[in-house]
There are 2 protein chains.
Amino acid sequence: MGVVCGERKNRVKKVEGQPSKNLMAERRRRKRLNDRLSMLRSIVPKISKMDRTSILGDTIDYMKELLERINKLKEDELDVGTNQMNLVGMLKELKPNEVLGEKFPQGMFDVERRNIDTRIEICCAAKPGLLLTTVNTLEALGLEIQQCVISCFNDFSMQASCSEVGEQQTGISCEDIKQALFRNAGYGGRCL
Amino acid sequence: MGVVCGERKNRVKKVEGQPSKNLMAERRRRKRLNDRLSMLRSIVPKISKMDRTSILGDTIDYMKELLERINKLKEDELDVGTNQMNLVGMLKELKPNEVLGEKFPQGMFDVERRNIDTRIEICCAAKPGLLLTTVNTLEALGLEIQQCVISCFNDFSMQASCSEVGEQQTGISCEDIKQALFRNAGYGGRCL
DNA sequence: GGGTACACGTGATGC
DNA sequence: TGCATCACGTGTACC
């Protein structure tokens, strides 16, 4: 139990000069450890008790909480990320004309029928009066614009859903409409 | 120097039964502390050394890193949040007609000049042929549409930037354009 | 061998 | 008083 007498002095006599150095080193070590502990205590916001054990325990809890918050934030960012992708996709779908030049040097004209609707999609180079003549052409073909989104900045883009008016139901084909719009836009009589 | 003999026993004789209990308590305490330290070491991913001091130091660094990551994520979320707000704002600006009914029962017609541009903003109830007549009206007034976004779903919305053509510069006032568009949309001769 | 880090038992202190 | 925690000096193992 640590109670020893004479013979022990002989055992440790050769390290007589050492203890003081070891003592100082141990003191420095304890100081470093306590400093780190103080830093930890100053960083962790929720300290239940000033115990060394409690400090470490609270630190562990706090780190777990931080990790959870990071996971939550990452999930949220993923969500809004996809949402933003959707919005960007919508905008791109709305006006794909900004990248028209490389993809459709001759413009893009698409007409198709869905039930009673005639869906028209145009994307071509803009020029003065094109909007007016296009709307005029559609009316002349007996197509009434029900819903549409039009934008003309660098290019002219139009997406419209039309219904046929008057008695001339099915009197005109999608291809005819397409050719009429194509010519109206100033291109030749043939399109891709 | 820790080397003591008989007389020391006498000094602590009154607490003879105590040391063993304190000893066990101290052992338990040390064990708890080491357990927490092990948990910390298992949680923190980057452990430079197995030192107690290093473990605490690495824990501190890791916590700071986690806090930075949280701040980064929060900033990002704020950014995409505002970006999304911008996009939503753009879309709302593009077609505020969806909420037209409550806000502008008589439609909204705005015309103003900016340098050589005439900016027109219309938001009113949709009706067949309105797009055509509106474009026609603008042309009749000597206004050539340079840039525009038009949408007609539940309501008709148009934002256009026009330039005056021909020799009739400044021959027409913003108010005149406004009244013309207002009448063209089917309303009376007066608008808000 | 000199240096470092840890575990240990112990005394002191606070509640 | 009893119980828990801490600081301390020391012994010892590892490079």
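Protein chains get the first letters and strands the later ones, always in sequence-line order, with residue 1 at the start of each.
Atom CZ of A:R28 and atom C1' of C:dC6 are 16 Å apart (whole Å). Summarising the geometry, the separation between CG on B:L33 and P on C:dC8 is reported as 13 Å, rounded to the nearest angstrom. Summarising the geometry, the separation between CG on A:N22 and P on D:dC14 is reported as 16 Å, rounded to the nearest angstrom. Going from atom CE of B:M24 over to atom P of D:dG2 covers 19 Å, rounded to whole Å. In this entry the distance linking CG of A:L23 with P of D:dT12 reads 17 Å, nearest Å. Residue A:K21 contributes atom NZ, which lies 11 Å from atom C1' of C:dG1 at whole-angstrom precision. Look at NZ on A:K31: it is 14 Å from C1' on D:dA7, rounded to the nearest Å. Computed from coordinates, the A:R27 CZ to C:dA5 C1' distance equals 17 Å when rounded to whole Å.
In terms of polar N and O atoms assigned as donor or acceptor, the side chain of B:E26 never comes within less than 3.5 Å of the base of C:dC8 in a complementary pairing. The base of D:dG9 is paired with the side chain of A:R30 by a donor and an acceptor separated by under 3.5 Å.
Between A:F182 and A:F109, the ring planes lie perpendicular to each other; the angle is over 60°, past the 30° to 60° tilted range.
For the segment residues 34-54 of chain A, no residue has any heavy atom less than 4.0 angstrom from an atom of DNA chain C.
Under the 4.5 Å side-chain criterion, counting only non-hydrogen atoms from C-beta, B:L181 is not in contact with B:L141.
Salt bridge present: B:R29 and B:E26 bring a charged side-chain N and a carboxylate O closer than 4.0 Å. Remark: A:R113 does not engage A:D117 in a salt bridge, criterion side-chain N to carboxylate O under 4.0 Å. Salt-bridge check for A:K64 with A:E68: failed, with every basic side-chain N at 4.0 Å or more from each acidic carboxylate O.
Applying the salt bridge (Lys or Arg N to Asp or Glu O under 4.0 Å) criterion to B:E144, with sequence neighbours excluded, gives no partner residue.
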